[in-house]
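Worksheet for the structure shown next.
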Protein chains: 2
Amino acid sequence: MSNPKVPHRLQYENSPIDAVDSRILAALDADSRLSMSELARLVGMSAPAVSERVRRLEAGGVIRGFTLDVDARALGYQIRALVRIRPLPGKLHVVEKLIQDTPQFIECDKITGDDPFLARLVVHSIEEMDDVLEALSDYAVTSTAVIKGTSVARRLPPL
Amino acid sequence: MSNPKVPHRLQYENSPIDAVDSRILAALDADSRLSMSELARLVGMSAPAVSERVRRLEAGGVIRGFTLDVDARALGYQIRALVRIRPLPGKLHVVEKLIQDTPQFIECDKITGDDPFLARLVVHSIEEMDDVLEALSDYAVTSTAVIKGTSVARRLPPL
DNA sequence: GTTGAAAATAGCACGAA
DNA sequence: TTCGTGCTATTTTCAAC
């Protein structure tokens, strides 16, 4: 079970993070550009100490990276949609590559069930959406649900 | 159309970002903790100039925030799933609140179609998944697809 | 984890294109 | 306007404890 070449379990799974790490994660999730000194003030520790904790959270795989929250709408992508994609028989890999090569798909998960892929799409217009889906139509059946709003904005898993 | 109280269009929609802004966004998306001086070196400008551009991208709504990419699996959430949720008649708002109050739902969009909500769920085990879905069962019908993998990791819209 | 010193950085004013 | 330079305050990093 514990084949070291196949780490199905990552470091922190068995040594749960403590309260300080939780506060660090929450603070950095809200603003990943916080200075280590400011973060240190927030959690009541010295800067080198929190800096070392952040480093360990990265090394342990908890923090996969520091990233950006970009508003697609502000870039003119006025329509967001979630697209379920069911490749025709034998077309699974072709379809996956096509999704990956279509930059308007900004995210795609492989899932169980009738439709192997669920992808997040951003487009400027209905016409652009039609172009993207049309390009898939020879290889897959798609079901598109336009996003009307957000009930839960991306948030951390419970810590 | 241009009711200032309802800014359906944000700043950058009509004045597209230039090549330098694109490189700034790509670099910060890869590592939002880059120092302004390092970022300046990457794009070949002075630090104050780059700093001002980042400030404008924030003010213009393109950059909504600087955030963290946390690996739920490293925290012990070994199962991720996408859940379509269809509230029973009259239960829409109850269900939405229930989703929001269930921290294992780390994201939820309101969408068109038969199922008004599509939520992303993280749980430690099948038992925990059952607990969460069971709590919804008096108010909604759910369809759950377990995530087997990722074809496209979250990426920026085409710039 | 803490402290303290050296190097790097950020933020600001100001002038130039 | 937007960018570059130079100054100062802050921050990061490393050492020693």
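Computed over heavy atoms, backbone and side chain alike; hydrogens, waters and symmetry mates excluded. Order of the sequence lines sets the chain letters (A, B, ...), proteins ahead of strands, with each chain counted from 1.
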Rounded interatomic separation in angstrom, taking CZ from B:Arg56 and P from D:dC3: 6 Å
Which whole-number value in Å describes the distance from A:Leu34 CG to C:dA10 P? 14 Å
Go through the side-chain N and O atoms of B:Thr67 and A:Ser32 and say whether any donor and acceptor fall under 3.5 Å apart. no
Less than 4.0 angstrom between a side-chain N/O of A:Arg53 and OP1 or OP2 of C:dG1, yes or no? yes
Working for side chain to side chain contact (heavy atoms under 4.5 Å, CB included), residues B:Asp18 and B:Asp21: CA-CA 5 Å; B:Asp18 64 15; B:Asp21 285 340; 3.5 Å; yes
Could you state the CE-C1' distance from A:Met36 to C:dT9, rounded to the nearest angstrom? 14 Å
Could you tell me the separation between the CZ atom of B:Arg33 and the P atom of D:dT11, rounded to a whole number of Å? 12 Å
So, does A:Arg41 use its side chain to make a donor-acceptor pair with the main chain of A:Met36 at under 3.5 Å? no
Determine, for A:Glu107 against B:Arg120, whether the closest basic-nitrogen to carboxylate-oxygen distance falls under 4.0 angstrom. yes
Do B:Arg33 and B:Glu38 meet the salt-bridge criterion of a basic N to acidic O distance under 4.0 Å? no
Please list residues of residues 37-50 of chain A whose heavy atoms come under 4.0 Å from any atom in DNA chain C, ordered by number; otherwise none. A:Met45, A:Ser46, A:Pro48, A:Ala49
Got a salt bridge between B:Lys148 and A:Asp109, using NZ or NE/NH1/NH2 to carboxylate O under 4.0 Å? no
Whole-Å gap separating P (D:dC17) and CD (A:Glu52): 20 Å
